[in-house]
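The basis for the numbers below is simple: all heavy atoms, side chains too, and nothing from hydrogens, waters or symmetry mates.
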Amino acid sequence: MGLTKQYLRYVASAVFGLIGSQKGNIVFVTLRGEKGRYVAVPACEHVFIWDLRKGEKILILQGLKHEVTCLCPSPDGLHLAVGYEDGSVRIFSLLSGEGNVTFNGHKAAITSLKYDQLGGRLASGSKDTDVIVWDVINESGLYRLKGHKDAITQALFLREKNLLVTSGKDTMVKWWDLDTQHCFKTMVGHRTEVWGLVLVSEEKRLITGASDSELRAWDISYLQEIEDPEEPEPKKIKESSPDIQDSHEAEDGTLEMDEAPEDRILTCRKAGSIMREGRDRVVNLAIDRTGRILACHGTDSVLEVFCILSKEEIQKKMDKKMKKAKKRAKLNSCNEEEEDLEVNVKMTLQDEIQRVANIKTSAKIKSFDLIHTPQGELKAVFLLQNNLVELYSLNASTMGPQPIRTNRITIGGHRSDVRTLSFSSDNIAILSAAADSIKIWNRSTLQCIRTMTCEYALCSFFVPGDRQVVIGTKTGKLQLYDLASGNLLETIDAHDGALWSLSLSPDQRGFVTGGADKSVKFWDFELVKDENSTQKRLSVKQTRTLQLDEEVLCVSYSPNQKLLAVSLLDCTVKIFYVDTLKFFLSLYGHKLPVICMDISYDGALIATGSADRNVKIWGLDFGDCHKSLFAHDDSVMFLRFVPKSHLFFTAGKDRKIKQWDADKFEHIQTLEGHHQEIWCLAVSPSGDYVVSSSHDKSLRLWERTREPLILEEEKEMQREAEYEESVAKEDQPAVPGETQGDSYFTGKKTIETVKAAERIMEAIELYREETAKMREHKAICKAAGKEVPLPINPILMAYGNISPSAYVLEIFKGIKSSELEESLLVLPFAYVPDILRLFNEFIQQGSDIELLCRCLFFLLRIHFGQITSNQMLVPVIEKLKETTISKVRQVRAETPYALALFFNNKLKVAVLADVRLLEGIQQLLRTRPSALQAQQSEQGWGMTTLHEGSWRAAITQVHLGLECIHVVLAMNQAEQW
């Protein structure tokens, strides 16, 4: 048996060139105690935290695979909830950057995330039409709300009442009572999709935005405000209330559907409309955290800002209106002696909601966020369609305020898709060019070190020496740039159509171009005298032209510079001799044009990639096709050989990069990460790095590791990945008593929950085996009349020689809280009796009462029929009832003492914070003036060092005090809970 060929694995190294992706929303986040300075933006599967003041990326919240679709910061500013395209929700800590909590419950992309006022609950809406309310503290799902018929667009908690309001693309706005988890009111006053909603005026007004230019306002009346407190019967109250009797028919004729008269909690009545200037649909509708500023935008680049006036401001406005009306009435009155004129002034919606200004951005808006600074200034941050973030400030308190653009983040990416990539000869610099700019990146730091404006670039390369670059454009021009100065040295009209391809000659003295004007042109480098200086500069001159019958798509030199391969629009590849330009070979077999091709380092093979999704490997000696490979599920866009090998990479519109072996015709590896079609890639001269660009605006760097790649293992991993995807797509297991279409539980079956259920099953089986062994051991000892050593299970030994029952408890404690119920749901009933007996034993011991009660109640609910019909389990259930009730009472009795200890510790920490902060400030006041004096004196260098050390110690003391204050704030929040 011969030796197997060894391959080395390429892994994802970094994502760069991306400021923010389009599917998610931008939000302000609080970091290091500062508000309004940092923003979180979705970046494919990651979340980038940008510093708006410096324009720097300071933190990356690492995602796994799926694209980010929604962001929502927690009210305390310490966490960020991130929704993904696969329906999962992860909660990241902004202090550590780690995502410790994951919720899996939705089957489609997350479209809305919203915390309640305290940050303990999180509502998520999805394209699967469901709304799920999650318990963030307990890391579990509370309930799933079903009722919408299309994707959810917004979900909001009410602050004072346990209610939730949601909107969807099904034109409905639904009100949910979270105490009973049912929809008690459906507003059907919209004729088109409802894209956003906000609650204003102390939650007594709802404003909705739909697919027209109208913002609808609805007045909300709560029954507690309408009811007569002396009336004991709630049904009679509702029947006797005049405001409720006609609630089914609103003033404008729109209907409201109530579940039943006795289930009504509030009424909604249309108050009016605000007309937007935009004629298209509302994309985003939001208010700032003070509830005073309302803003919305459509599919254009204008944000419309409104101010919601307070009661005092409205009263002043109405008084002015009344005075004006009285004056007008006096002037119009014929009887001048009449003093008391009755004047009626109606208050309109425009009197309550006033237009402030329009903010015009430099490109179409994808999302925005608002924040009110302590100085009374409004800050609006925008994520734009062209990979750009802009910050505007507006003083809403002044008359006719003008928005001012204060910051923008541009240098980190291109405004449009990158169409060409190149590596420098030393593997350090990467060139990327798009429709308007060229950027040079440092591969190791991923920083943009040079940006130059250009025309629409299609192809490029570094000139030998890496001091200049050549760009081929869509208009057929060659542009030559100097990297040191960033100047455009020369522009040459090379072709009459698009210049599709460039190929540097192996002797590095010139290059060849192919364009849409059916010609191939040869160019040589030369030095010419610079008009602006005495030195010479680099230029190019045309030497020869090869005229063809079809449009040229791609050109490539053979390594010995004897042959030139030309791909034509007629789906063939023609091979010519370079010296005489005579025809040598024609490679035909592709059904669609060859978009990309490359020749191996030894000139033996040529690989061609086509829009017909196939890659063909040909011999250059006779032009015979060695192999045709079905490479991608869509067009093959780019192909490159790895230097000094017969391995090559292909990139396709199916979002994948694949590595192939041209000798064995085998697929080696698939690099997945891009979320849109891939346009181009480049392989470094050393072969250690691959960089790729995509329609998702991101550039991705892939690095070759020293890890060997075995094809059989790779295929096995691929099969496992396919199985994991199929598990997520399977139907949920049926729950006894559950009607079709209703969902009993908030989670969903994933590979993690299946593995957790398998761990429980293995633990129960180990418990059974070990219990049987112990019985046998006792019998053997009794028969032998002496103690025989018992062999210890290695698994139990690894856990520290614990008992089999304790091992089962450890397995339960090791399951993530968010996956616990779904894991128990997958568990077969055959294991439940043993679990119930063990739970009885654990609860008697008083260990992990909360966890065990949660598991116990869930198992009783889902297996109620089988448990009650099993006579063997009746005594077990009776014992469980006694022990559970007594232990829960005991825990409840101990809670006040735990709370008292908590408050005592909180008081100690607060005192410590005050002391440390005071000491630090006093130390600052003592040390800083003397340090400054010492620095000003000529002989005080040693003293300066000493005092600066004291200064740093004082700063540390202040920081410790601030950290203690932070702990007190966290304790305050816990106290609210």
Locate the shortest heavy-atom distance separating [X] from [Y]; write the atom from each residue and the value.
X	Y	value
G298	R276	N-NH1, 4.1 Å
D116	G119	OD1-N, 2.8 Å
S124	V89	CB-CG2, 4.3 Å

Item checked: Pairs touching residues 104-156 that satisfy ring pair (Phe, Tyr, Trp, His ring centres under 6.0 Å), sequence neighbours left out -> F103-W134

Next item on the list: Please collect all ring pair (Phe, Tyr, Trp, His ring centres under 6.0 Å) contacts where either partner lies in residues 23-43, sequence neighbours excluded, each pair once.
Entry: none

Checklist line | Pairs meeting criterion salt bridge (charged side-chain N to carboxylate O under 4.0 Å, His left out) with involvement of residues 206-218, two or more places apart | finding: D212-R216, E214-R216, E214-K270

Does the side chain of [Y] come within less than 4.5 Å of [X]'s, by heavy atoms?
X	Y	result
L378	L370	yes
I359	F368	no
L145	Q181	yes
E67	P42	no
H190	T208	yes
V200	I207	yes
I220	T267	no
M275	L215	no

Next item on the list: Say whether R121 and N162, considering side chains only, have a donor N or O and an acceptor N or O under 3.5 Å apart.
Entry: yes

Check: Quick one: do the E139 and S818 side chains pair a donor with an acceptor below 3.5 Å?
Finding: no

Donor-acceptor list for residues 380-392 side chains, cut-off 3.5 Å, not counting sequence neighbours:
residue : atom : partner : partner atom : Å
N387    : OD1  : I19     : N            : 2.8
N387    : OD1  : G20     : N            : 3.2
N387    : ND2  : G17     : O            : 3.3
N387    : ND2  : H414    : O            : 3.1
E390    : OE1  : Y392    : OH           : 2.9
E390    : OE2  : S362    : OG           : 2.6
E390    : OE2  : R408    : NE           : 3.3
E390    : OE2  : R408    : NH2          : 3.0
Y392    : OH   : K360    : O            : 3.3

Roughly how far, to the nearest 0.5 Å, is [atom2] of [Y] from [atom1] of [X]?
X	Y	atom1	atom2	answer
L156	W175	CG	CH2	9.0 Å
I404	T406	CD1	OG1	8.5 Å
D51	I409	CG	CD1	8.0 Å
S96	L94	OG	CG	8.5 Å

Checklist line | Non-neighbouring partners of L309 that pass side chain to side chain contact (heavy atoms under 4.5 Å, CB included), sequence neighbours left out | finding: C307, E313, I314, K317, Q354

Note to self: The criterion is side chain to side chain contact (heavy atoms under 4.5 Å, CB included); which residues satisfy it with K35, sequence neighbours excluded?
What the structure shows: T30, I371

Margin query: Apply side chain to side chain donor-acceptor pair (under 3.5 Å) to residues S211 and E193 and explain how you reach the verdict.
Written below: CA-CA 6 Å; S211 293; E193 297 97 336; 3.0 Å; yes

Once side-chain hydrogen bond (donor to acceptor under 3.5 Å, both in side chains) is applied, do any residues pair with [X], and if so which ones, sequence neighbours excluded?
X	answer
N138	S140
W176	T166
S88	D86
K23	E85

Next item on the list: For salt bridge (charged side-chain N to carboxylate O under 4.0 Å, His left out), just list the numbers for R205 and D219, CA-CA rounded to whole Å, side-chain angles, deciding distance to a tenth of an Å, and then say yes or no.
Entry: CA-CA 5 Å; R205 176 160 289 160; D219 283 334; 2.8 Å; yes

Margin query: My understanding is that only residues two or more places apart in sequence, or in another chain, count here; which of them pass salt bridge (charged side-chain N to carboxylate O under 4.0 Å, His left out) with R159?
Written below: none

Check: Can you tell me if NZ on K364 sees more than 12 non-hydrogen neighbours from other groups inside 6.0 Å?
Finding: no

Note to self: Would you call the rings of F48 and H46 parallel, tilted or perpendicular, taking 30° and 60° as the class edges?
What the structure shows: parallel

Note to self: Using ring centroids (six-membered ring only for Trp), state whether W195 and H297 fall under 6.0 Å.
What the structure shows: no

Check: Can you name the ring-ring contact (aromatic ring centres under 6.0 Å, His included) partners of H79, sequence neighbours left out?
Finding: none

Note to self: Just to verify, which of N104, V68, T102 counts as forming a side-chain contact (heavy atoms from CB on, under 4.5 Å) with Y84?
What the structure shows: V68

